[in-house]
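Okay, structure first, notes after.
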Amino acid sequence: MKTILVTGGAGFIGSHLCAKLLEQGHKVICLDNFFTGSKKNIESLLMQKNFKLVEHDIIEPYFTEERIDQIYNLACPASPAHYQFNAIRTIKANTIGVVNILGLAKLHQARILQASTSEIYGDPTEHPQKESYWGNVNTIGPRACYDEGKRVAETLFFDYHRKHSLEIRVARIFNTYGEKMAENDGRVVSNFITQALSNNDITIYGDGAQTRSFCYVSDLVNGLVKLMNQPDFIGPVNLGNPIELTIKRIAEKIITLTGSKAKLIYKPLPQDDPKQRRPDIALAKEKLNWQPEVKLEDGLKKTIEYFRKII
Ligand code: NAD
Ligand code: UDP
């Protein structure tokens with residue numbers, strides 16, 4: 001039994017991760033400032049004796065007497081609408097916040113995993129994206145607070161590893177979806193499902209020809225836990241589903257699965273929106289023996305059921 005800190009533990013991925021770690025018999029400390037996360041996501045965990053909730057912002061240092069064995073650092077808003085809401089706070093979370101959490105890991109000699117992102121590849125000129133690709137990010141655009149923030153966070157992780165022999169793990173997460181995404185999250189899957197279920201127009205940004213590859217949350221969480229517990233592989237490693245589709249295609253799929261009467265409408269494409277994205281997951285297969293198991297339609301059906309209940 002380990003004591004594991006999950007920053008951003010009340011968010012979409014974090015709440016699934018906390019539940020999985022508790023199931024495995026660990027003690028879990030969930031640290032969150034509730035910017036995009038919610039108590040509802042962790043409601044069922046709050047009464048478990050091995051679960052502790054700490055309301056805290058990682059931009060401020062965090063100390064605890066309790067000995068921590070592992071840290072998953074997920075604290076950062078992930079939806080473009082939310083991370084751009086206060087871009088400077090997003091940068092602070094990924095710089096000052098990351099230094100604070102790395103310092104905590106150093107103090108406890110804990111192993112620490114960073115939830116990095118496919119956004120570090122920016123609008124990629126290499127396709128699919130391998131870990132060896134250095135990316136194509138606009139440093140001064142509206143997405144930079146997140147993309148460049150996550151890039152410097154990776155740099156900090158590797159510098160703490162080189163300088164202090166800290167045990168690090170870096171996962172580059174590609175678009176993930178599933179239950180407990182916030183209704184107002186603004187990301188494509190939750191937007192399209194909530195629009196379809198309420199028979200509102202489905203808002204396609206641009207012409208819908210841009211692509212993404214969607215991974216169901218249980219697959220992603222399995223990958224994170226495997227990476228954390230892999231003895232001799234630190235990453236960075238892509239975790240995502242390599243099945244790629246256009247945004248228009250995902251809208252059509254969601255309309256079919258919900259039986260919605262919603263119509264597609266077209267809105268301007270946000271600045272610097274990546275045109276294509278698909279992970280090369282050969283490294284994850286080789287080093288972690290990991291690949292996604294859940295088919296897109298099955299994952300979408302579960303997500304649709306979740307939103308049907310909460311809307
Ligand atoms: P989310 O917004 O649902 O979760 C983020 C959580 O972090 C929330 O609970 C939020 O309240 C908390 N948080 C934000 N800033 C904080 C701060 N300064 N201090 C403490 N807590 C803070 O997003 P998510 O989709 O669950 O993403 C989790 C992590 O995974 C993020 O780091 C994100 O960058 C990364 N990621 C997610 C995806 C994806 O598709 N979901 C893709 C790539 C990377
Ligand atoms: N998108 C869209 N309509 C929406 C929300 C998003 O067409 O209501 C598009 C968005 O422009 C992008 C893709 O869907 O091309 C994925 O967007 P999301 O915000 O989910 O994630 P990211 O761009 O960070 O991959």
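As the structure lists them, so they are numbered: ligands from 1, and atoms in each ligand from 1. Note that the numbering runs from 1 along the sequence shown for the chain.
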Counting both backbone and side chain atoms, is some N or O of Asp185 under 3.5 Å from an N or O of ligand 1? no
min-distance protein heavy atom vs atom 5 (C) of ligand 1 -> Cys76 O, 3.3 Å
For Glu244 and His127, which I'm curious about, is there any donor-acceptor pair between the side chains at under 3.5 Å? yes
For Ala93 and ligand 1, does the shortest N/O to N/O distance drop below 3.5 Å? no
Which option wins on minimum heavy-atom distance to atom 15 (N) of ligand 1: Leu74, Asn33, Thr7? Asn33
Any N/O pair Ala75/ligand 1 closer than 3.5 Å: no
Which residues satisfy the side chain to side chain donor-acceptor pair (under 3.5 Å) test with Tyr160, sequence neighbours excluded? none
First-shell residues of ligand 2 [heavy atom, distance under 4.0 Å]: Pro80, Glu119, Arg143, Asn175, Gly186, Arg187, Val188, Asn191, Phe192, Thr203, Ile204, Tyr205, Gln210, Arg212, Ile247, Pro270, Asp273, Arg277
For residues 87-100, pull every pair meeting salt bridge (charged side-chain N to carboxylate O under 4.0 Å, His left out), keeping only residues two or more places apart or in separate chains. Asp57-Arg89
Hey, does Asp32 come in under 3.5 Å of ligand 1, counting only N/O atoms on both sides? yes
According to ring pair (Phe, Tyr, Trp, His ring centres under 6.0 Å), who are the partners of Tyr62, at least two apart in sequence or on a separate chain? His56
Using heavy atoms and a 4.0 Å limit, tell me yes or no: is Tyr146 in contact with ligand 1? yes
